[in-house]
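First comes the structure, then the notes that go with it.
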Amino acid sequence: MAGPQCCSNPPILNPSSGEGHVEKVGGLDSYVSGSPNTKLAVILISEVFGYEAPILRKIADKVAAAGFFVVVPDFLHGDPFVYDNPNRPLPVWLKDHEPYKAFEEAKQVIEALKSKDVSAIGAAGFCWGAKVVVELSKIDLLQASVLLHPSFVSLDDIRGVQVPIAILGAEIDQYSPLELLKQFEEIIAAKSVTKSGQVLKIKT
């Protein structure tokens with residue numbers, strides 16, 4: 001969330017957007033794209049505006065075209081953040097959508113994918129969704145992860161990461177400023193000395 005301008009320019013949600021379709025995955029309504037027969041899957045976790053954002057579904061379709069089965073679960077349960085609702089500002093909305101709840105639900109999505117004989121699963125989280133992905137990256141459920149302009153991610157979170165990770169930061173971001181991203185980089189660089197294959201990419 002690159003400052004208040006991020007929330008003040010919300011996408012126009014469209015439940016019919018994208019080349020894929022919506023189905024249940026792990027008990028959650030999910031936008032899916034790509035061949036269900038591939039052994040490689042990617043879970044995309046939205047920011048506060050949810051899984052009906054056309055640009056998010058476009059990204060899902062692009063990843064699917066590269067050979068992945070892509071799942072975009074509705075972790076917000078049909079309740080995306082509405083910027084111009086004065087009765088429910090972001091801090092109030094966040095109380096109803098703790099990333100830790102989505103983290104637990106994401107485990108069910110991962111199990112559903114594994115039941116389809118998927119052999120490798122990666123996850124990418126945008127803003128709010130990055131916190132969910134970093135929690136998943138601390139346990140043995142993913143093969144790789146990506147955080148895009150992450151929010152609410154701490155140094156301790158990064159210290160706990162156990163999989164290769166890329167962090168794509170925004171140039172101006174009050175939640176993950178450049179100083180914090182550099183600290184993330186130092187932590188992962190130190191981990192790479194003791195754990196083969198650990199990778200961090202920082203891009204702003």
Using the six-membered ring wherever Trp is involved, compare the ring planes of F81 and W93 and label them parallel, tilted or perpendicular (cut-offs 30° and 60°).
perpendicular
Do [X] and [Y] have side chains that get closer than 4.5 Å, going by heavy atoms?
X    : Y    : answer
I139 : F103 : yes
K114 : I121 : yes
Y175 : V153 : no
V133 : L147 : yes
H21  : Y31  : no
D117 : K39  : yes
I188 : I165 : yes
I43  : V72  : no

So for atom [atom1], which belongs to [X], do other residues, nucleotides or ligands contribute more than 12 heavy atoms lying within a distance under 6.0 Å?
X    : atom1 : value
K62  : NZ    : no
E104 : CD    : yes
K101 : NZ    : no

Checking the side chain of [X] only, and the main-chain atoms of [Y] only, is there a donor and an acceptor separated by less than 3.5 Å?
X    : Y    : result
S137 : V161 : no
R57  : Y51  : yes
T38  : F68  : no
S115 : L113 : no
N14  : P54  : no
Q143 : G122 : no
D157 : S154 : yes
E47  : F49  : yes
Y83  : P10  : no

Where [X] and [Y] come nearest, the two heavy atoms and their spacing:
X    : Y    : value
V70  : A60  : CG2-O, 3.5 Å
D61  : G20  : OD1-N, 3.9 Å
P80  : G50  : CB-N, 4.4 Å
P73  : S30  : CA-OG, 3.4 Å
S151 : A130 : N-CB, 4.4 Å
A112 : V25  : CB-CG1, 4.1 Å

Walk me through it: do L56 and L44 pass the test side-chain contact (heavy atoms from CB on, under 4.5 Å)?
CA-CA 8 Å; L56 178 60; L44 299 185; 4.3 Å; yes
Salt bridge present between E185 and K182 (N-O < 4.0 angstrom)
no
Output yes when D74 and K24 qualify as a salt bridge under the 4.0 Å nitrogen-oxygen rule, no when they do not.
no
Is a side-chain donor-acceptor pair under 3.5 Å present for D173 with S176?
no
Going through the checks in order, is the side-chain contact (heavy atoms from CB on, under 4.5 Å) test met by F69 and V118?
CA-CA 9 Å; F69 181 64; V118 169; 5.6 Å; no
Could you go through R159 and D156, starting from their C-alpha distance and side-chain angles, then the distance that decides it, and tell me whether this counts as salt bridge (charged side-chain N to carboxylate O under 4.0 Å, His left out)?
CA-CA 5 Å; R159 291 187 183 102; D156 283 340; 2.6 Å; yes
How far does [atom1] of [X] sit from [atom2] of [Y], to the nearest 0.5 angstrom?
X    : Y    : atom1 : atom2 : answer
L141 : Q162 : CG    : CD    : 12.0 Å
S119 : L40  : OG    : CG    : 5.5 Å
S46  : W128 : OG    : CH2   : 6.0 Å
H149 : I167 : NE2   : CD1   : 13.0 Å
I45  : E105 : CD1   : CD    : 10.5 Å
K131 : E98  : NZ    : CD    : 10.0 Å

Is there a path from [X] to [Y] through hydrophobic residues (I, L, V, M, F, W, Y) whose side chains come within less than 4.5 Å of each other?
X    : Y    : result
L90  : V92  : no
I55  : V82  : no
L178 : F184 : yes

